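In what follows, every heavy atom counts, from backbone to side chain, and hydrogens, waters and symmetry copies are set aside. The structure presented is a predicted model; accordingly, all values stated were derived computationally and were not measured.
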Amino acid sequence: MAQRKATVLILTLAVLLGLSSCGGGHTRAAACGSHQLRWKWTLLADKPAGAPTAMLSATNRRARPCAFDGYPQLDVWVGKAQDVQSEPVKKAVPVRLELKPGRTVDFPLFYQPHEVPRESCWISGEYNASSDVVPPHPAQHDYGSFVHPTDAQGHRLPTQVCSDTVQLGPPHLR
């Protein structure tokens with residue numbers, strides 16, 4: 001019995017030592033939190049059919065890298081009335097990115113920004129809508145950051161979403 005305990009102890013120790021030596025001393029970056037990110041929602045002008053409507057960008061403004069392990073959640077709402085939420089595009093691949101200090105990750109946004117004939121707009125620009133974005137896997141009290149659509153020059157635009165969801169495309173690091 002004592003020999004069996006010693007064997008189990010030795011094997012456990014060997015596994016733990018092996019796991020600790022994997023990775024060459026690199027540590028995994030902690031999940032990105034709202035406090036360390038600067039978000040931008042930029043509408044794209046003169047876009048061809050099938051191209052994204054806008055770009056949702058997050059820049060790491062802290063001195064340490066952080067990890068994006070999934071897709072952010074973009075919410076657009078009008079008071080306690082209707083809202084629109086984001087979801088990854090169909091067949092989206094899992095995301096695991098390390099965002100180094102000063103670097104930016106862009107998520108293409110696909111949605112209908114203008115009214116379509118014979119259809120109403122889900123959230124009209126006249127409604128004075130609010131919008132926020134929450135990074136993937138937020139901490140317990142991380143409620144996200146407010147974000148507003150702008151043009152390429154940074155001028156704020158009315159928040160208008162004429163579809164019932166905003167699709168998030170695969171991210172690109174810059």
Can you find a heavy atom in the side chain of [X] that is under 4.5 Å from one in the side chain of [Y]?
X	Y	answer
Asn60	Arg103	no
Lys100	Arg64	no
Glu98	Pro65	yes
Leu37	Leu99	yes
Pro94	Arg96	no

Listed once per pair and sorted, the disulfide bond (SG atoms under 2.5 Å apart) pairs that draw on residues 31-82, sequence neighbours left out: Cys32-Cys66
Can you give the donor-acceptor pairs under 3.5 Å from side chains of residues 130-138 to other protein atoms, not counting sequence neighbours?
unit_1, atom_1, unit_2, atom_2, d
Ser131, OG, Val147, O, 2.3
His137, NE2, Asp69, O, 2.9

Connected-component partners of Trp77 among ILVMFWY, side-chain separation under 4.5 Å: Phe146
What pairs with [X] under side chain to side chain contact (heavy atoms under 4.5 Å, CB included), at least two apart in sequence or on another chain?
X	value
His155	Asp151, Gln153
Ser86	Gln73, Leu74, Val166, Leu168
Ala63	none
Leu44	Pro52, Met55

Contacts of [X] that satisfy side chain to side chain donor-acceptor pair (under 3.5 Å) - sequence neighbours left out:
X	value
His172	none
Thr53	none
Asp164	none
Arg156	His148

Member of Pro170, Pro171, Pro72 meeting the side chain to side chain contact (heavy atoms under 4.5 Å, CB included) criterion with Val95: Pro171
Residues, nucleotides or ligands: over 12 heavy atoms within 6.0 Å of Arg38 CZ: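 Counting other residues, nucleotides and ligands, CZ of Arg38 stays at 12 neighbours or fewer.
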Shortest non-hydrogen separation from Lys90 to Gln167 and the atoms involved: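 Heavy-atom minimum between the residues: N-OE1, 4.1 Å.
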Heavy-atom closest pair, residues Gly33 and Asp142: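 Heavy atoms only, the tightest pair is CA-OD2, 3.5 Å.
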So if you build clusters from Ile, Leu, Val, Met, Phe, Trp, Tyr with side-chain heavy-atom gaps below 4.5 Å, do [X] and [Y] land together?
X	Y	answer
Trp39	Leu43	yes
Val89	Leu56	no
Val84	Val78	yes

Pairs satisfying ring-ring contact (aromatic ring centres under 6.0 Å, His included), at least one member in residues 41-75, at least two apart: Phe68-Phe107, Tyr71-Phe107
Separation between OG1 of Thr165 and CD of Gln85, rounded to the nearest 0.5 Å: 10.0 Å
Spacing of NE2 belonging to His141 relative to NE2 belonging to His35, to within rounding of 0.5 Å: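 Taking NE2 in His141 and NE2 in His35, the distance rounds to 14.0 Å.
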Candidate list Asp106, Thr42, Thr104, test side chain to side chain donor-acceptor pair (under 3.5 Å), partner Ser57, passing option: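 Between Ser57 and the candidates, side chain to side chain donor-acceptor pair (under 3.5 Å) is satisfied uniquely by Asp106.
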